[in-house]
2 protein chains.
Amino acid sequence: MNIPDDPLNTHVEAWAALLRAQKVLTERVQRELAAAGLPPLEWYDVLYELWRAPERRLRFYELGERIALSRSNLTRLVDRLEKEGLLAREACTGDRRGLYAVLTAAGEEAMRRIWPVYREAIARHFAAQLTPAEAATLAGLLARPLGAGTAGTADTDADAD
Amino acid sequence: MNIPDDPLNTHVEAWAALLRAQKVLTERVQRELAAAGLPPLEWYDVLYELWRAPERRLRFYELGERIALSRSNLTRLVDRLEKEGLLAREACTGDRRGLYAVLTAAGEEAMRRIWPVYREAIARHFAAQLTPAEAATLAGLLARPLGAGTAGTADTDADAD
DNA sequence: CCGGTATCGTTGCAATTGCAACGACATAGC
DNA sequence: GCTATGTCGTTGCAATTGCAACGATACCGG
């Protein structure tokens, strides 16, 4: 993932580590959820985002942003959750184009059922290897690149501003 | 992604940050590759892994492990790269069940063509927000959980050993 | 040498994803 | 009020993924 001597190599390694860690770890965690007969990870994300939103509801496009999912994919993800009765589509009074996704009681129930397993999986596969301080550092560093949609031209020496 | 007061919350936030960062950033980077008319990110991974392997070749199952891809998906990914002439399947003398994936000249050429764009995307979307020291820290922390396939039962307080 | 079992890569099938096009409605300018 | 343009969510279609089953060896015990 990197070439002879490039001042960016350290960063490239971090990038590779990020891709790999996410891929391997989510796979391990997903496998546990599946083994427990629970739905995929992203279902939990949706339920959780709705749960913590005011009124337990969110406009589609907002939900899409929060879980970083394209509109079209969100439509279908919501289809699935709705079919299971975990959330409902509800018209939006102010804007007749829009819809709310609303968490149902069953949805909240499902969320509570999933969390213990999910939490345990995170603990085992991820948290067990990090101290709380390290976890905080990690979270901070990972959040950094997300803020700046796109930095200026970063060129070879990677620290802009 | 976390519940009232749980000693694991810091870790859970780091976990959430990991998922989100990977999702958002790869999307941004992928978009750049696509805009430049280049193939998806994983193609580069495959080419790179072959390139750095002895003899520019790797057994299928090994390649699968290195890029963290299931066997069946690898078969098809290789199909695609092979169809483009970027690599070739080659019989394995020692084990007649097995195959080698071998990097072709065209494959190496493609790799070199992709890298500058990929590198620049990493620099802009990821590296620009981190100092080299931070990148190194990040890489170290991310690699940690990968080592231990699965720690023991990590329970509520997440710092085993 | 022979069956029993595990490994390697492939394949069928169903589910998910990404992308572009679409209909419904909102908003701005005339 | 009316057209031009943008936003919201949906849909069709092709590509990718995940999972389980399969044929072809390898390897182990007798």
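None of the values given here were measured: they were computed from a predicted structure.
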Do A/R89 and A/L99 have side-chain heavy atoms sitting under 4.5 Å apart?
yes
request  = Determine the interplanar angle of the A/Y44 and A/W115 rings, folded into 0 to 90°, and report it as parallel if under 30°, tilted if 30 to 60°, perpendicular if over 60°.
outcome  = parallel
As a check of understanding: the bend across the helix from C/dC1-D/dG30 to C/dC30-D/dG1, end axes from five pairs, rounded to 10 degrees, works out to 30°
_Is there a continuous path of hydrophobic side-chain contacts, each under 4.5 Å between heavy atoms, that joins A/L141 to B/V24?_
yes
Closest to the 5' end of DNA chain D, once B/R96 and A/D95 are matched to their nearest nucleotides, is A/D95
Hits for side chain to side chain contact (heavy atoms under 4.5 Å, CB included) against B/A106, two or more places apart or cross-chain, chain-then-number order -> B/L86, B/T104
The correct set of residues in residues 56-64 of chain A placing a heavy atom under 4.0 Å from DNA chain D is A/R59, A/F60, A/Y61
Heavy atoms of B/A121 and B/V29 approach each other most closely as CB-CG1, 3.9 Å
Taking every heavy atom of B/H11 against every heavy atom of A/L130, the minimum-distance pair comes out as NE2-O, 2.6 Å
Restricting both atoms to N or O, compile the protein contacts to nucleotides 4-7 of chain C shorter than 3.5 Å, with distance only.
unit_1: C/dT7; atom_1: O2; unit_2: B/R97; atom_2: NH1; d: 2.7

For B/L8 and A/A123 the tightest heavy-atom approach is CD2-CB, 3.9 Å
Taking for A/R80 and for A/G94 the nucleotide of DNA chain C with the nearest heavy atom, the one nearer the 5' end belongs to A/R80
Contacted region of DNA chain D by chain A, from 5' end to 3' end of the hits, cut-off under 4.0 Å to heavy atoms, spans D/dG6 to D/dC13
Query raised in the report: Do B/V102 and B/L77 share a hydrophobic cluster, counting only Ile, Leu, Val, Met, Phe, Trp and Tyr and linking them when any side-chain heavy atoms are less than 4.5 Å apart?
Result: no
Practice problem: Looking at every strand, decide which applies to A/E42 at a 4.0 Å heavy-atom threshold: base, sugar-phosphate, or nothing. | Solution: sugar-phosphate
Residues 15-27 of chain B vs salt bridge (charged side-chain N to carboxylate O under 4.0 Å, His left out), sequence neighbours excluded, gives B/E27-B/R31
